[in-house]
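The next block holds one structure in the form of structure tokens; read it before the comments.
Both ligands and their constituent atoms are indexed starting at 1 by order of listing.
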Amino acid sequence: MQFKGKTAIITGSNSGIGLGVARSLAAQGADVVLNSFTDRPEDHALAADLGRAFGVEARYIAADLADPAAARSLVEKAGRCDILVNNAGIQHVAPVDQFPVDKWDRIIAINLSSAFHTAAIALPMMRSAGWGRIVNIASAHGLTASPFKSAYIAAKHGVVGLTKTIALETAEEPITCNAICPGYVLTPLVEAQIPDQMKVHGMDRETVIREVMLLRQPSREFATVEQLGGTTVFLCSDAAAQITGTTISVDGGWTAL
Ligand code: NAD
């Protein structure tokens, strides 16, 4: 229960990696604030269930992180932020000369700028509490590129740069800022793509995962949301107090290639 009494805000956490990270932090006693852009009864029920399961306070605060004011007010509404996990992200795939401008702007806003806005409000809270951890969920695409994902890759490289800058600005304080760079992670979104890929390639599940989806991931295994949760817990632990301004790849060897 190393995070008892601490509050963690996890952006984009009503599914996938964000929800997995929230569960891992709650399992260590953190009170958690879940977030996404929707404001449905099931979003609030998800937080209530998580709180009951781990015996912590869990709230859901809706905020569309494409909007700078909403990103800032998410942290203001939470009222306290000891651990900030910037996780919300979207993707769009198209060549640069055909990339829709509105998609570019939205990806930069959600995947990069929202992390600047939340950190700007969270840092004074961390300073007054005398402790803080920022964990940015970047990507293997924060360190390497692939064609047709220009906005996503620019945003994720930007997140890595923002991570280093915040780390330097807080270097003499008990605050750290790091980025996790996942390879392919088995989230519900990725799971849902498997049947289509099987059909398109005429392959069984194992073959399409190994030969198509995980072609660039040398381990030929997906990372899991539990592994990302565990890495986040580590970065927030006392053992990681001198780890700041860096990236940890959870990518089965992708960026070693
Ligand atoms: P996901 O779609 O399950 O989760 C994304 C979350 O962001 C959701 O909760 C979604 O509601 C939220 N979100 C989207 N737009 C938002 C907005 N405007 N305002 C607030 N919240 C918004 O996907 P995921 O795979 O869990 O991805 C989480 C993060 O991990 C993303 O930043 C993604 O780029 C990164 N990532 C994922 C993988 C992977 O293989 N799944 C690999 C590397 C990095």
Side-chain angles (χ1 to χ4, degrees), residues 9-24 32-40 42-43 46-47 50 60-75 77 84-93 102-103 105-115 117-118 135-146 149 151-160 162-163 179-194 197 209 213-217 219 221-229 231-232 247-252 254-255:
I9 301 175
I10 306 100
T11 70
S13 47
N14 66 351
S15 73
I17 294 170
L19 183 57
V21 168
R23 286 191 206 283
S24 295
V32 293
V33 174
L34 303 187
N35 152 263
S36 183
F37 59 93
T38 50
D39 199 2
R40 307 163 301 182
E42 54 262 45
D43 295 319
L46 185 69
L50 196 153
Y60 178 85
I61 301 179
D64 183 345
L65 300 181
D67 171 10
R72 286 171 178 258
S73 81
L74 163 65
V75 184
K77 282 182 193 160
L84 172 64
V85 182
N86 286 305
N87 166 77
I90 59 167
Q91 175 67 284
H92 185 78
V93 179
D102 62 326
K103 295 270 193 231
D105 288 344
R106 199 166 166 76
I107 290 175
I108 298 297
I110 295 169
N111 296 21
L112 172 58
S113 301
S114 75
H117 294 301
T118 54
V135 178
N136 295 321
I137 307 298
S139 168
H141 280 133
L143 304 169
T144 62
S146 301
K149 297 182 176 175
Y152 184 87
I153 287 163
K156 294 296 187 181
H157 276 68
V159 165
V160 172
L162 175 67
T163 300
I180 298 176
C181 294
Y184 234 132
V185 185
L186 191 56
T187 60
L189 213 69
V190 172
E191 180 68 53
Q193 294 168 20
I194 297 175
Q197 293 283 344
I209 288 174
M213 302 182 79
L214 294 178
L215 202 57
R216 293 184 67 179
Q217 199 144 310
S219 66
E221 279 183 34
F222 289 113
T224 66
V225 300
E226 290 78 13
Q227 290 162 355
L228 292 167
T231 307
T232 304
T247 58
I248 295 189
S249 292
V250 184
D251 67 0
W254 179 332
T255 46

Exercise. More than 12 heavy atoms of other residues, nucleotides or ligands under 6.0 Å from CD of Glu221: is that the case?
Worked result: no
Enumerated ligand 1 atoms positioned under 4.0 Å from heavy atoms of [X]:
X      : result
Gly89  : 5 (C), 7 (O), 31 (C), 32 (O)
Ile137 : 30 (O)
Asn87  : 28 (C), 29 (C), 30 (O), 31 (C), 32 (O)
Ser139 : 43 (C), 44 (C)
Tyr184 : 40 (O)
Gly16  : 3 (O), 26 (O)

Considering heavy atoms of the protein only, find what lies nearest to [atom] and give residue, atom and distance to 0.1 Å.
atom                    : result
atom 9 (O) of ligand 1  : Asn14 OD1, 2.7 Å
atom 19 (N) of ligand 1 : Leu65 N, 3.0 Å
atom 25 (O) of ligand 1 : Thr187 CG2, 3.5 Å
atom 16 (C) of ligand 1 : Phe37 CD2, 3.4 Å
atom 34 (O) of ligand 1 : Tyr152 OH, 2.6 Å
atom 27 (O) of ligand 1 : Ile17 CD1, 4.1 Å
atom 18 (N) of ligand 1 : Asp64 OD1, 2.8 Å
atom 2 (O) of ligand 1  : Leu189 CD2, 3.7 Å

For this session: Tell me which part of Ile110 gets within contact of ligand 1: side chain, backbone, both or neither, using heavy atoms under 4.0 Å.
Result: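 Only the side chain of Ile110 comes within reach of ligand 1.
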Exercise. At a non-hydrogen distance cut-off of under 4.0 Å, which region of Ile90 contacts ligand 1 (side chain, backbone, both, or neither)?
Worked result: side chain
I'd like to know whether ligand 1 has [X] as a neighbour, heavy-atom separation below 4.0 Å.
X      : value
Gly183 : yes
Lys156 : yes
Phe222 : no

So, the side chain of [X] versus the backbone of [Y]: is there a donor-acceptor pair under 3.5 Å, distance only?
X      : Y      : answer
Asp64  : Phe37  : no
Asn87  : Thr11  : yes
Gln217 : Gly183 : no
Lys103 : Gln91  : no
Ser13  : Leu19  : no
His92  : Lys149 : no
Asp43  : Arg40  : yes
Asp251 : Pro182 : no

Exercise. Does Val185, backbone or side chain, put an N or O under 3.5 Å from an N or O of ligand 1?
Worked result: yes
For this session: Could you say whether the N/O atoms of Gly12 and ligand 1 ever approach to under 3.5 Å?
Result: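 The answer is yes, given that Gly12 and ligand 1 share an N or O pair closer than 3.5 Å.
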Report the distance from atom [atom1] of [X] to atom [atom2] of [Y], rounding to the nearest 0.5 Å.
X      : Y      : atom1 : atom2 : result
Lys77  : Asn35  : NZ    : CG    : 10.0 Å
Ile248 : Thr232 : CD1   : OG1   : 9.0 Å
Ser113 : Asp67  : OG    : CG    : 11.5 Å

For this session: Given side-chain contact (heavy atoms from CB on, under 4.5 Å), test Thr247 with Thr163 step by step and report yes or no.
Result: CA-CA 9 Å; Thr247 58; Thr163 300; 5.9 Å; no
Problem set entry | Between Asn86 and Thr118: side-chain donor-acceptor atoms closer than 3.5 Å |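 The criterion, which ignores hydrogens and geometry beyond distance, is satisfied for Thr118 and Asn86.
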Exercise. Hey, looking at atom 20 (C) of ligand 1, which of Ser13, Ala115, Ala63 has the closest heavy atom?
Worked result: Ala63
Problem set entry | Selection from Ser15, Ser36, Ala138 by shortest heavy-atom distance to atom 44 (C) of ligand 1 |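 Residue with the shortest heavy-atom distance to the ligand atom: Ala138.
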